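None of these values were measured; they are calculated from a predicted model. Order of appearance sets the numbers: ligands from 1, and atoms from 1 within every ligand.
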Amino acid sequence: MDRLDELLKQIDPAQLPCHVAMIMDGNGRWARMRGRERGEGHAEGISTVRRVTELSSDIGIKYLTLYAFSTENWNRPQEEVDTLMYLIGWAIERELPDLIRNNVKIHLIGNIDRMPEEARRKLTGSRDKTAHCTGLNLGICLSYSGRWDITRAAQRLATDVKEGRIAPEDINEESIRERLDTAAFPDPDLLIRTGGEKRISNFLLWEIAYSELYFTDLLWPDFGKAEYAEALLAFQQRERRFGKTSDQVTNG
Ligand code: FPP
């Protein structure tokens, strides 16, 4: 039995995270270590996207959210931005038949209007063609940042107050949550970051209030199914208290 099967056998299907979010870091370093262009690291990173999507779908995780391109990533050299935009559009189009066959529903999260026309067309086209799927919900964050999303929710709330749809005193966590771009997803149970850095980088700031955080030094292209299974096992060994005491959690 190989290592992945061994690990999968140890995972309790009843204790899987409902929603896993991932910060895919380390593509550039992976390429540089091999004397290659950073773009080649991103191309390699697409294989990992495929692997984590496949495993999530196979073991019955309901929501997977990937941080593919942040608001801040627009500040990278234009050549790298162009490569990433091309790769994202190309990958989504190439994977579409398999995504549909595996019943994966694509959700686009972020300021998609800012994406170049061709990538946007491929992304929205793929999203629309998976609208009927009922398996894994795959959230792809593009031109996204947590502060961008919270700011926009505040703008929407201000408009709703101005136009009389909600009173200021009725604003609560739910009225903010439902105006976020991630509203269709529950909060992540587990956030995984590859690439060795231990920070959040403006990802899902509102949503990760009680998420378990898992950091690995592996670079994103080196993150395989077995490493993902290890993260899921680590998650199952944590005690989630949501602000309560250990006794309260254990004794119901
Ligand atoms: C961070 O690595 C990675 C990115 C900014 C892009 C990740 C995007 C993909 C793998 C493509 C995703 C495609 C789809 C369809 C979801 P980095 O460049 O910051 O690496 P470094 O820290 O080593 O420089």
Side-chain angles (χ1 to χ4, degrees), residues 20-57 63-100 102 104-112 114-116 118-127 129-130 136-146 182 185 191-204 215-224 227-228:
V20 180
M22 297 192 182
I23 300 177
M24 314 186 280
D25 195 19
N27 293 342
R29 276 167 287 161
W30 185 93
R32 284 297 183 215
M33 281 163 60
R34 288 163 179 76
R36 288 154 68 176
E37 293 298 320
R38 292 175 55 82
E40 295 181 55
H42 297 311
E44 193 65 29
I46 287 170
S47 308
T48 305
V49 170
R50 197 190 157 91
R51 290 195 291 263
V52 297
T53 305
E54 247 173 36
L55 186 62
S56 301
S57 173
Y63 298 89
L64 173 67
T65 304
L66 303 175
Y67 203 7
F69 193 87
S70 72
T71 309
E72 292 75 23
N73 285 156
W74 289 115
N75 300 321
R76 292 197 172 193
Q78 192 57 42
E79 192 188 329
E80 184 172 339
V81 171
D82 292 345
T83 302
L84 266 168
M85 291 299 130
Y86 170 78
L87 279 173
I88 289 168
W90 171 82
I92 203 78
E93 206 170 55
R94 189 191 62 173
E95 300 297 334
L96 184 62
D98 270 1
L99 292 169
I100 294 174
N102 287 297
V104 176
K105 180 172 179 166
I106 298 170
H107 301 252
L108 302 177
I109 298 166
N111 191 1
I112 306 302
R114 209 177 153 185
M115 302 289 287
E118 193 184 330
R120 194 174 62 233
R121 190 167 38 76
K122 290 180 175 171
L123 286 159
T124 53
S126 303
R127 176 196 58 198
K129 290 189 182 104
T130 64
L136 173 70
N137 289 283
L138 174 63
I140 308 176
C141 295
L142 294 153
S143 190
Y144 169 86
S145 76
T182 53
F185 282 39
L191 170 68
I192 298 173
R193 180 177 186 138
T194 61
E197 315 288 359
K198 293 181 180 59
R199 55 176 170 254
I200 300 302
S201 300
N202 214 349
F203 188 42
L204 302 177
F215 298 100
T216 166
D217 288 339
L218 281 173
L219 304 175
W220 179 251
D222 294 326
F223 189 69
E227 289 74 23
Y228 182 14

Decide yes or no for [X] and [Y]: does some side-chain heavy atom of the first lie under 4.5 Å from some side-chain heavy atom of the second?
{"X": "R94", "Y": "I46", "answer": "yes"}
{"X": "T194", "Y": "E227", "answer": "no"}
{"X": "P221", "Y": "N27", "answer": "yes"}

To the nearest 0.1 Å, how far is [atom] from its closest protein heavy atom, and which atom is that?
{"atom": "atom 4 (C) of ligand 1", "answer": "H42 CE1, 3.8 Å"}
{"atom": "atom 16 (C) of ligand 1", "answer": "I140 CG2, 3.8 Å"}
{"atom": "atom 7 (C) of ligand 1", "answer": "N27 ND2, 3.5 Å"}
{"atom": "atom 6 (C) of ligand 1", "answer": "A68 O, 3.4 Å"}
{"atom": "atom 23 (O) of ligand 1", "answer": "R29 N, 2.6 Å"}
{"atom": "atom 13 (C) of ligand 1", "answer": "I88 CG1, 3.9 Å"}
{"atom": "atom 11 (C) of ligand 1", "answer": "I46 CG1, 4.0 Å"}
{"atom": "atom 22 (O) of ligand 1", "answer": "D25 OD1, 2.9 Å"}

Query raised in the report: When you look for heavy atoms under 4.0 Å from ligand 1, do you find them on the side chain of R38, its backbone, both, or neither?
Result: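 The side chain, only.
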
Query raised in the report: What part of R76 sits under 4.0 Å from ligand 1 if we count only heavy atoms: the side chain, the backbone, both or neither?
Result: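 Side chain only; the backbone of R76 stays clear of ligand 1.
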
Query raised in the report: At what distance, to the nearest 0.5 angstrom, does CH2 of W220 lie from CZ of R193?
Result: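 Result: 12.0 Å between the selected atoms.
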
Query raised in the report: Which atoms of ligand 1 have any heavy atom of N73 under 4.0 Å away?
Result: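 So the answer, numbered in order with elements, is 5 (C).
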
Report task. Going by heavy-atom distance to atom 1 (C) of ligand 1, choose the closest among M33, M24, E93. Result ->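 Ranked by closest heavy atom to atom 1 (C) of ligand 1, first place is M24.
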
Report task. Would you name the heavy atoms of W30 and D222 that are closest together and state the gap between them? Result ->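 Scanning both residues, the minimum pair turns out to be NE1-OD1, 3.1 Å.
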
Requested in this report: Look at ligand 1 and say whether L87 reaches it with a heavy atom at a distance under 4.0 Å.
Outcome: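 It does not; every heavy atom stays at 4.0 Å or beyond.
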
